[in-house]
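Each remark here refers to the structure printed beneath this line.
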Amino acid sequence: MLTLHTAEASPELAVLVDGARIAAVGPYEQLADEHQDARLRRWPGILLPGLLNPYAPELLERTYHPDPREANEFGTAPITGERAAELFRADPARLGASARRGVQRMLAHGTVAVAGELRSRAARDAVRRAGLATGRRPDTLPGPPSLSPTPLILLPRLTPGAPARFAVFDVPDTATLVRRGASTCVATVIDGRLVYRAR
């Protein structure tokens, strides 16, 4: 089934998805007229190719993402540094569940690709199962590791035939996205699947 994605602040860049691939890219009015049978998903903000987060090892293997049921004990914010290392040493099984929650947080920030060498099978499996692409890590990283890194790294432009991988941010333009960060994400699509949608 065809699905047409469009965002209010970027009508010139609508994406027609057929299964896991991009069928067409172009102005919303043109694609909507040519494919009137397509299911429509209309979003606020701007539609972009999605982000690459270069801090996969730091965020998925060296950060503990607490389970919501652990909020009373650990809070809800990611735990880093020696405290995270202590938690993983005390219970190595925590790594897999934490990595899966970390991936979910990445998806909620418009991440569709990651970079950096993942050494644990648990983290690699979490990335693979989510469908995240892997890319080359830049030679220098400004840091610190973040779900919304600075600078934001956008993937290349969307093209027909490519995997349907993109994100939508509730901002009027890319300058505002850079200023406000990736937490403005309202939808993330990977391989044609809506893997994150803001409530």
Side-chain angles (χ1 to χ4, degrees), residues 1-54 56 59-60 99-115 124-136 146-149 151-199:
M1 179 178 182
L2 295 174
T3 303
L4 180 59
H5 293 262
T6 184
E8 294 172 358
S10 58
E12 73 287 352
L13 181 64
V15 180
L16 184 70
V17 174
D18 185 3
R21 296 274 167 181
I22 295 175
V25 178
Y28 164 68
E29 289 189 1
Q30 175 186 333
L31 294 183
D33 184 60
E34 294 174 353
H35 304 278
Q36 297 182 18
D37 58 337
R39 177 176 58 181
L40 177 63
R41 287 198 182 273
R42 190 185 300 273
W43 306 102
I46 58 175
L47 190 154
L48 295 172
L51 303 176
L52 179 143
N53 191 310
L59 294 174
L60 300 180
R100 289 190 295 273
R101 291 189 292 269
V103 163
Q104 290 303 312
R105 288 187 172 196
M106 286 181 157
L107 297 175
H109 285 75
T111 297
V112 299
V114 296
R124 292 195 302 269
D125 284 349
V127 166
R128 178 182 53 79
R129 288 173 180 160
L132 289 167
T134 54
R136 182 179 176 276
S146 172
L147 292 166
S148 181
L152 295 174
I153 303 173
L154 277 174
L155 292 185
R157 68 171 55 191
L158 301 170
T159 57
R165 188 180 292 131
F166 51 89
V168 184
F169 301 87
D170 190 7
V171 292
D173 49 46
T174 53
T176 306
L177 172 61
V178 169
R179 188 172 68 252
R180 292 179 53 194
S183 63
T184 56
C185 179
V186 293
T188 303
V189 173
I190 291 181
D191 293 335
R193 298 176 294 117
L194 184 62
V195 295
Y196 170 75
R197 180 176 186 168
R199 295 179 179 176

**Request:** Determine whether Pro151 and Val178 make a side-chain contact, defined as any pair of heavy atoms from C-beta on separated by less than 4.5 Å.
**Result:** no

**Request:** Would you please name every residue forming a side-chain contact (heavy atoms from CB on, under 4.5 Å) with Ser183, sequence neighbours left out?
**Result:** His109

**Request:** Check side-chain contact (heavy atoms from CB on, under 4.5 Å) between Ser146 and all other residues, then give those that pass, not counting sequence neighbours.
**Result:** Ser148

**From Leu51 atom CG to Ile153 atom CD1, the distance as rounded to the nearest 0.5 Å** = 8.5 Å

**Message:** Tell me the closest heavy-atom pair linking Asp170 and Pro44, and the distance in Å.
**Reply:** OD1-CB, 3.6 Å

**Prompt:** Sequence neighbours excluded, which residues qualify as salt bridge (Lys or Arg N to Asp or Glu O under 4.0 Å) partners of Arg128?
**Reply:** Asp125

**Asked** Atom CG in Leu59, atom OG1 in Thr111: separation rounded to 0.5 Å?
**Response** 8.5 Å

**Request:** Taking all heavy atoms of Pro49 and all of Val112, pick out the closest pair and write down the distance.
**Result:** O-CG2, 3.7 Å

**Asked** For the side chain of Thr188 and the backbone of Tyr196, is there at least one donor-acceptor N/O pair under 3.5 Å apart?
**Response** no

**Item:** Nearest non-hydrogen partners of Cys185 and Gly110, listed with the distance
**Value:** SG-N, 3.5 Å

**Request:** Taking side-chain hydrogen bond (donor to acceptor under 3.5 Å, both in side chains) as the test, write out the residues that go with Arg105, two or more places apart.
**Result:** none

**Side chain proximity check, Thr6 to Leu47, heavy atoms < 4.5 angstrom** = no

**Fill in**
By salt bridge (Lys or Arg N to Asp or Glu O under 4.0 Å), Arg100 pairs with (sequence neighbours left out) none

**Pairs involving residues 172-195, ordered by first then second residue, that meet salt bridge (charged side-chain N to carboxylate O under 4.0 Å, His left out) (sequence neighbours left out)** = Arg165-Asp191

**Message:** Holding to side-chain hydrogen bond (donor to acceptor under 3.5 Å, both in side chains), I want the full list of residues that pass it with Arg39, two or more places apart in sequence or in another chain.
**Reply:** Thr3

**Prompt:** What pairs of residues pass the ring-ring contact (aromatic ring centres under 6.0 Å, His included) test when at least one of them lies in residues 160-182, not counting sequence neighbours?
**Reply:** His5-Phe166

**Request:** Quick one: closest heavy-atom pair of Ala9 and Ile46, and the distance?
**Result:** CB-CG2, 3.7 Å

**Prompt:** Is there side-chain contact between Leu60 and Met106, with heavy atoms separated by less than 4.5 Å?
**Reply:** yes

**Asked** Any salt bridge (charged side-chain N to carboxylate O under 4.0 Å, His left out) pairs touching residues 18-34, not counting sequence neighbours?
**Response** none

**Message:** Is the shortest side-chain heavy-atom distance between Leu132 and Leu107 below 4.5 Å?
**Reply:** yes

**Asked** Is there a side-chain contact between Leu177 and Leu48, using heavy atoms and a 4.5 Å cut-off?
**Response** yes

**Item:** Straight-line distance of His35 NE2 to Leu2 CG, nearest 0.5 Å
**Value:** 7.0 Å

**For the student: nearest non-hydrogen atoms of Val186 and Trp43, plus distance** = O-CZ3, 4.2 Å

**Asked** What residues, two or more places apart in sequence or in another chain, satisfy side-chain contact (heavy atoms from CB on, under 4.5 Å) together with Pro160?
**Response** Val25

**Message:** Looking at every non-hydrogen atom in both residues, tell me the closest pair between Ala14 and Pro27 and how far apart they are.
**Reply:** CB-C, 4.3 Å

**Asked** Just wondering, do Thr159 and Ile22 contact through their side chains at under 4.5 Å, heavy atoms?
**Response** no

**Residue list, salt bridge (Lys or Arg N to Asp or Glu O under 4.0 Å) with Arg157, at least two apart or on another chain** = none

**Item:** Listed partners of Ala32 passing side-chain contact (heavy atoms from CB on, under 4.5 Å), at least two apart
**Value:** Leu4, Tyr28

